[in-house]
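Notes to accompany the following structure.
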Amino acid sequence: MSGSGGRRRGAGPGTATQREESLSWRKQKSLQIHRALTSDPVDIDVLRGAAESDGGLLSQEIRRKVWPKLLSVNVFHLPPKPGRGVRCRHPDYNQVQMDVRRSLKRFPAGMRDAERSVLLEQLTDMILSVLQSHPELHYYQGFHDIAVTLLLTVGLRLGTGMLSTLATHHLRDFMDPTMDRTKHILHYLMPLIQSESSELHSFLVRSEVGCIFALSWLITWYSHVLTNYQHILRLYDFFLASHPLMPVYCAAQPRSLPKAPADPAPPTHLSAQKISSSSQRPDSILQREAESDPPAEPSPPPPPRSQNPLVKLAVWGLSASIGAAALAVAQSALELGPELLMGLF
């Protein structure tokens, strides 16, 4: 009879048992990760599985050790600490500076002004250093969102090394001089949505909004539209351990992180093989798989399209339920810059 009050206060035996089980689970997973990190060679498969499974990598301390391993970044051969000299010579300095200033909301609440000012300066130098080291890359608005996540998690020097690897692999197609490859990747979202919900797919086709709602999700790995920093970190755990196209799959999932599919089945079987994420460009994978596919049967005509602009407005709200971002999509896209969006049309 007295048990109900005790349970409400969190002192009941069931609650205590649950706490012990949760603590035990975290300890076991931490131990598993530690063993994988200290084995010779490092057990990347175990680390990848830990990052993809429930709870992700658990803590900032663990992420600082595991994230570079997932990208094959050698922590003993990092690029030098970025300096200020690149600022006066780089053509993207002004744009980067404006985007960095807009990233204030990404820093933890309660951070001291002096500390935040130092991090903002480091963020600018970090981005410009990567761009200077790889002159073939073209900066896009949203690249700073990924950079700030790395900076806050692993620090300036290691973050610069990881950002350089991401820019030349996972994000490479977004850093072309044109948005052709970005549009190509976006166009694979609708077949994935169709495989999940033909009804939703038909509605999106009728609304004529295309895939623009997912642009900021993919090019920032959702960090531009999510406000909970722990949720962002959990997604980064998942994406760093997964196929480079996983952010596209995530955008097509109604409620949660998708499971890494053993045989995903949408047109062109986007992730049919488990490819090392450190050596692939998403658009190259798509093109290679498309070339190997047999000729497709003629597609049936699409459903009649609605000319009602109210339908287009409605779909922006509905699109928030499609992917993991689930926030103000239109506003987020506009914040990335109208010149970026115009490249899609």
Side-chain angles (χ1 to χ4, degrees), residues 51-52 56-57 59-60 63-64 66-68 70-71 95-96 98-109 111 116 119-120 122-124 126-127 130 139-156 158-160 162-167 169-175 182 185-186 189 212-242 244-251 253 256-258 277 282 319-320 322-337 340-341:
E52 292 177 340
L57 294 176
S59 71
Q60 294 287 77
R63 289 185 176 98
R64 282 192 287 269
V66 174
W67 277 10
L70 295 176
L71 287 180
Q95 184 61 61
V96 170
M98 287 189 292
D99 290 344
V100 165
R101 289 173 185 155
R102 285 199 290 261
S103 67
L104 283 171
K105 64 181 181 180
R106 293 290 316 280
F107 290 88
M111 177 179 285
R116 185 166 55 246
L119 288 172
L120 288 173
Q122 291 181 347
L123 180 59
T124 299
M126 178 180 179
I127 294 170
V130 171
Y139 176 76
Y140 66 85
Q141 290 174 273
F143 187 63
H144 68 290
D145 283 297
I146 289 181
V148 72
T149 304
L150 298 178
L151 177 63
L152 291 174
T153 305
V154 303
L156 176 59
L158 180 53
T160 302
M162 290 184 61
L163 186 64
S164 180
T165 299
L166 286 174
H169 294 93
H170 293 64
L171 308 175
R172 178 61 183 85
D173 296 312
F174 304 139
M175 307 190 77
T182 300
I185 293 171
L186 279 170
L189 179 58
I212 186 65
F213 60 83
L215 176 64
S216 66
W217 303 355
L218 302 186
I219 66 176
T220 72
W221 279 9
Y222 301 85
S223 56
H224 188 77
V225 289
L226 289 176
T227 57
N228 186 306
Y229 186 55
Q230 295 304 315
H231 294 170
I232 293 172
L233 293 177
R234 180 66 189 93
L235 277 175
Y236 274 56
D237 290 343
F238 186 59
F239 293 153
L240 289 171
S242 303
L245 286 169
M246 189 54 76
V248 184
Y249 275 97
C250 193
Q253 286 292 316
S256 61
L257 289 180
S277 61
S319 66
I322 299 173
L327 288 171
V329 180
Q331 179 181 352
S332 301
L334 289 174
E335 288 178 359
L336 284 171
L340 180 64
L341 302 183

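Everything numeric in this text was worked out from a predicted model, so none of it was measured.
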Subject >> Pair Y140, T220: side-chain N/O donor-acceptor within cut-off below 3.5 Å >> reply: no
**OP:** Would you check if the side chain of S242 reaches a backbone N or O of F238 as a donor-acceptor pair within less than 3.5 Å?
**Re:** yes
**OP:** Can you see which heavy atom on L189 is nearest to which on A214, and at what distance?
**Re:** CD2-CB, 3.5 Å
Subject >> Donor-acceptor pair, side chain of D237 and main chain of L57, under 3.5 angstrom >> reply: yes
Subject >> Chi angles and distances behind the side-chain contact (heavy atoms from CB on, under 4.5 Å) call for W217, L235 >> reply: CA-CA 11 Å; W217 303 355; L235 277 175; over 6 Å; no
Original post:
How about L70 and V66: do any of their side-chain heavy atoms sit closer than 4.5 Å?
Top reply: yes
Original post:
H144 and T124: side-chain contact (heavy atoms from CB on, under 4.5 Å), yes or no, with the steps?
Top reply: CA-CA 8 Å; H144 68 290; T124 299; over 6 Å; no
**OP:** Please check if the side chain of R106 supplies one atom and the backbone of D145 the other of a donor-acceptor pair under 3.5 Å.
**Re:** yes
**OP:** Write down the atom of R234, the atom of R63, and the distance for their closest heavy-atom approach.
**Re:** N-NH2, 4.3 Å
Original post:
Are any of the side-chain heavy atoms of T149 and L233 separated by less than 4.5 Å?
Top reply: yes
Original post:
From T182 OG1 over to M175 CE, what is the distance, rounded to the nearest 0.5 angstrom?
Top reply: 10.5 Å
**OP:** Kindly indicate whether the side chain of M126, heavy atoms from C-beta on, has any atom under 4.5 Å from the side chain of L150.
**Re:** yes
Original post:
Any luck finding a side-chain donor-acceptor pair between D99 and Y139 under 3.5 Å?
Top reply: yes
Subject >> Any donor-acceptor pair under 3.5 Å from R64 side chain to L158 backbone >> reply: no
Subject >> Non-hydrogen atoms of A251 and Y222 that approach each other most closely >> reply: N-OH, 2.9 Å
**OP:** Answer whether the closest heavy-atom distance between the side chains of L215 and I212 falls below 4.5 Å.
**Re:** yes
Subject >> Least distance between heavy atoms, L166 atom then L240 atom >> reply: CD2-CD2, 4.0 Å
**OP:** Using a 4.5 Å cut-off on heavy atoms from C-beta on, say whether the side chain of M246 contacts that of E52.
**Re:** no
Subject >> Which residues share a side chain to side chain contact (heavy atoms under 4.5 Å, CB included) with R116, sequence neighbours left out >> reply: L104, F107, M111, D113, L120
Subject >> ring pair (Phe, Tyr, Trp, His ring centres under 6.0 Å) against W221, all qualifying residues, sequence neighbours excluded >> reply: H170, Y236, F239
**OP:** Would you sort out whether R102 and Q141 count as a side-chain contact (heavy atoms from CB on, under 4.5 Å), showing the intermediate values?
**Re:** CA-CA 11 Å; R102 285 199 290 261; Q141 290 174 273; 3.1 Å; yes
Subject >> Within-4.5 Å side-chain heavy-atom neighbours: L151 and L156 >> reply: yes
**OP:** Quick one: closest heavy-atom pair of L218 and F174, and the distance?
**Re:** O-CE1, 3.8 Å
